[in-house]
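What follows is a set of notes on a single structure, which appears directly below.
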Amino acid sequence: MTEALRSHVRALRAESGEKFDAALDTCKTLLQNVLEQPDEAKFRTIRLGNAAFHQRLGQFPSGIALLRSLGFEDANAADGSPGGDGLPAYLALPVADAA
């Protein structure tokens, strides 16, 4: 694990307190889904407004920072519109180009 990832995990632990295990498990599940089914766009996209995601991980800025450090990028809705308050609607993991 790189130092940047360790730093984000430590920040998440400090920020989330007793919710840390659920937050880290959510991150693990998101990554595991992508690894198991890399061609499925639904597993590479996280709607930031999703209530379950927000409750488990998205409410913590360090959780979002952790996902970004793992390669997720800000993305808008399919029609190009941002989410509420002009913020990104999604985090998306681009498809790796192995060529």
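The figures that follow rest on heavy atoms only: side chains count, while hydrogens, waters and symmetry mates do not. None of these values were measured; they are calculated from a predicted model.
Side chain of Q37 to backbone of N33: no donor-acceptor contact under 3.5 angstrom is found. With hydrogens and angles ignored, the 3.5 Å screen pairs no side-chain donor or acceptor of S7 with any backbone N or O of E3.
Under the salt bridge (Lys or Arg N to Asp or Glu O under 4.0 Å) criterion, R68 pairs with D74, sequence neighbours left out. Annotation: side-chain hydrogen bond (donor to acceptor under 3.5 Å, both in side chains) contacts of S62 (sequence neighbours excluded): E15. For the side chain to side chain contact (heavy atoms under 4.5 Å, CB included) test, no residue two or more places apart in sequence or in another chain qualifies with A51. Remark: L70 engages L5, C27, L31, L66 in a side chain to side chain contact (heavy atoms under 4.5 Å, CB included) (not counting sequence neighbours).
The only member of L12, I46, L24 that meets side chain to side chain contact (heavy atoms under 4.5 Å, CB included) when paired with L57 is L12.
Annotation: salt bridge (Lys or Arg N to Asp or Glu O under 4.0 Å) contacts involving residues 19-36, sequence neighbours excluded, are absent. Pairs of residues two or more places apart, or lying in two chains, never qualify as side-chain hydrogen bond (donor to acceptor under 3.5 Å, both in side chains) while including a residue from residues 39-49.
The closest side-chain heavy-atom distance from N50 to Y90 is not below 4.5 Å.
Atom CZ of F53 is separated from atom CD1 of I64 by 4.0 Å, given to the nearest 0.5 angstrom. Here the CG atom belonging to L91 is positioned 9.5 Å from the CD atom belonging to E73, to the nearest 0.5 angstrom.
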